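Each remark here refers to the structure printed beneath this line.
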Amino acid sequence: MAGVDATLLEDLTRRGLVNQATGDGELEQHLAEASRTLYCGFDPTADSLHIGSLVPLLTLKRFQAAGHKPIALVGGATGLIGDPSFKAQERSLNTPEVVAGWVEKIKQQVSAFVDFDAVENPGIVVNNLDWTKDLSVLDFLRDVGKHFSVNNMVNKESVKQRLQREGEGISFTEFAYILLQSMDFSELYKRYQCTLQIGGSDQWGNITGGVDLTRRQHRGKVFGLTLPLVTKADGTKFGKTESGTIWLDPKRTSPYAFYQFWLNTADADVYKFLRYFTFLSVDAIDALEKADAERQGRPEAQGVLAKEVTRLVHGEEGLQAAERISQALFSGGIEELSQSDLEQLRLDGLPSSELPREFTAEQSLIQLLVDAGMAPSGKQVKDALGRNAVLVNGADVGMDSNGVPAEVFAGGRAMHERFYVVRLGKKKYHLFYRSA
RNA sequence: GCAGGGGUUCCCGAGUGGCCAAAGGGAUCAGACUGUAAAUCUGACGCGCAAGCUUCGGUGGUUCGAAUCCACCCCCCUGCACCA
């Protein structure tokens, strides 16, 4: 057996990645002794994971790097039910076809973080639908249900608000979710000698359920470890921006937008995020923090964070593209961009739209920008226009230009005959062009 | 099924006949200041450039006028009953 890195848990702790663990410290020894198999589940609630899943995903990777065997479980079954943990309300069910489609997408996504070819400790991806789809209700109730105490389940913190809070209830379906997830752990223990489940802190109840079930069904000693919920210092929700959730799928969130998201991390959060989301050593991160503190002005940490995480998720190419765009837009001189630079930015994922040859009478500048997705409502564009916050190829456009888009996008004002870089506010860019 | 409580603009939450596109807070957007920060201040925040238009679970009604009153319906919560 290849050696395992016995300091893994210590490193995780230093990173602040350990929220809770079962087993009174026995886990550390368990992991230090031998290469273990562990798993983490990802339910398909959309066709892509978002950055909320990044912490567990990367943690799986950390375990593998330390010599353990990771299993990424995609919840083809659990996704059909819906995890009630700490959810304020019952969710509507998705059809089996839809969930099955999502499962495939999530499988692929997850696969990027697990090394299947490691000789000693290859990872695998499984789907819990495989061992639940043919299970009969009676078998389920007798073999699994019998091990659960409703009294116990009712006392779980994760469903408390649904049980007590006025205005919301919980269906039996969601209430039974924990049985399914617990079954997964027990099943993986049986099939792969999986002895550790990791997950977000909201998964504690489900994880301990699995630990108990494994013991009851197989007299197996298994462990659970939860990771902290990612929070921001200002109290707002992590992973959301003006334009919505940050997804891992480049079709939903371009590498550029992804990169920008991390680059905009608040100082108060950035070092914590570096520990959570990168593989840089804690010492290196501490050193960076110290250097930033000593230097006046802008810290380097955000740049490092954006670079590292974008590379992890979108690869070197995605990172290059993101950096090219960011460089071009924010480090001055858009007017110096060559025609091929502009073309490249478009390919790199800078939001862009084609302009019509002729403008109709109804087309106002405001409407054009709204249609391009630069703002959700015309009011915002109007506000920006009124404050000279709209720039076309570097020159600001006032409210009086609203009615005359043909003038704003006149051929003579184009870059290389056909490009217009429009900036709204400080950070929102959009490339308008006419086909060549 | 019965009784009681409730469904308001992204969220929380005021509003119980006109002064309501609807208080306040949060989130969000823009401006100033900055570091593409934070904090702070300013403006915006249903839709529409505007005139204006469409909202307060749904449908009808009363009224000059309804988020506010009435009727019916839908949904949620709590308790009781039913299941026994």
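Any value given below was found using the heavy atoms of this structure, including those in side chains, with hydrogens, waters and symmetry copies removed. What you see is a predicted model, and the numbers here were worked out from it, not measured in a lab. Proteins get letters first, then strands, A, B, ... in listed order; numbering begins at 1 in each.
- Counting only heavy atoms from C-beta on, A:D383 has its side chain closest to B:rA30 among B:rG48, B:rG35, B:rA30.
- Side-chain atoms of A:K379 and base atoms of B:rG48 include a donor and an acceptor less than 3.5 Å apart.
- Taking every side-chain heavy atom of A:I366 into account, B:rC49 is the closest of B:rC29, B:rA37, B:rC49.
- When Watson-Crick and G-U wobble pairs are counted only if both distances are under 3.5 Å, B:rA44 pairs with B:rU28.
- Looking at heavy-atom distances under 4.0 Å, A:P376 makes no contact with the nucleic acid at all.
- Annotation for A:A268 and A:A233: closest pair CB-CB, 3.6 Å, computed over non-hydrogen atoms.
- Ring-centre distance between A:Y420 and A:Y433: not below the 6.0 Å cut-off.
- The aromatic rings of A:F419 and A:H416 sit perpendicular, their planes meeting at an angle over 60°, well past the 30° parallel limit.
- Across the C1' atoms, B:rC83 and B:rU54 are found 48 Å apart, a figure rounded to whole Å.
- Between A:E354 and A:R434 no salt bridge is recorded (no basic side-chain N to carboxylate O distance below 4.0 Å).
- Of the C1' atoms belonging to B:rC70 and B:rU16, the separation is 14 Å, rounded to the nearest Å.
- Across all strands shown, nothing is found opposite B:rA37 as a Watson-Crick or G-U wobble partner with both distances under 3.5 Å.
- Neither OP1 nor OP2 of B:rG35 sits under 4.0 Å from any side-chain N or O of A:K426.
- Pairing for B:rC56 is absent, with no Watson-Crick or G-U wobble pair whose two atom distances lie under 3.5 Å.
- For B:rA50, the OP1/OP2 oxygens have a side-chain nitrogen or oxygen of A:K382 closer than 4.0 Å.
- Only one option out of A:W262, A:F258, A:F261, A:Y271 pairs with A:F277 in a ring pair (Phe, Tyr, Trp, His ring centres under 6.0 Å); it is A:W262.
- Checked for salt-bridge contact, A:D11 and A:R15 meet the test: a charged N lies under 4.0 Å from a carboxylate O.
- Comparing the same atom, P, in B:rA71 and in B:rG6 gives a spacing of 16 Å after rounding to whole Å.
- Applying the Watson-Crick and G-U wobble criteria (two distances, each under 3.5 Å), B:rG18 pairs with B:rC64.
- B:rA23 and B:rC45 have their C1' atoms separated by 15 Å, given to the nearest Å.
- Pairing partner, B:rG79: B:rC2, with both Watson-Crick or wobble hydrogen-bond distances short of 3.5 Å.
- Checking the phosphate oxygens (OP1, OP2) of B:rU42, no side-chain nitrogen or oxygen of A:R387 falls inside 4.0 Å.
- A salt bridge links A:R14 with A:D283; the closest basic N to acidic carboxylate O contact falls under 4.0 Å.
- Comparing B:rA39 with B:rA30, their P atoms are spaced 15 Å from each other, to the whole Å.
- The gap from the C1' atom of B:rC19 to that of B:rU28 amounts to 30 Å, rounded to the nearest Å.
- At a non-hydrogen distance threshold of 4.0 Å, A:Q260, A:L263, A:N264, A:A266, A:D267 from residues 260-275 of chain A come into contact with RNA chain B.
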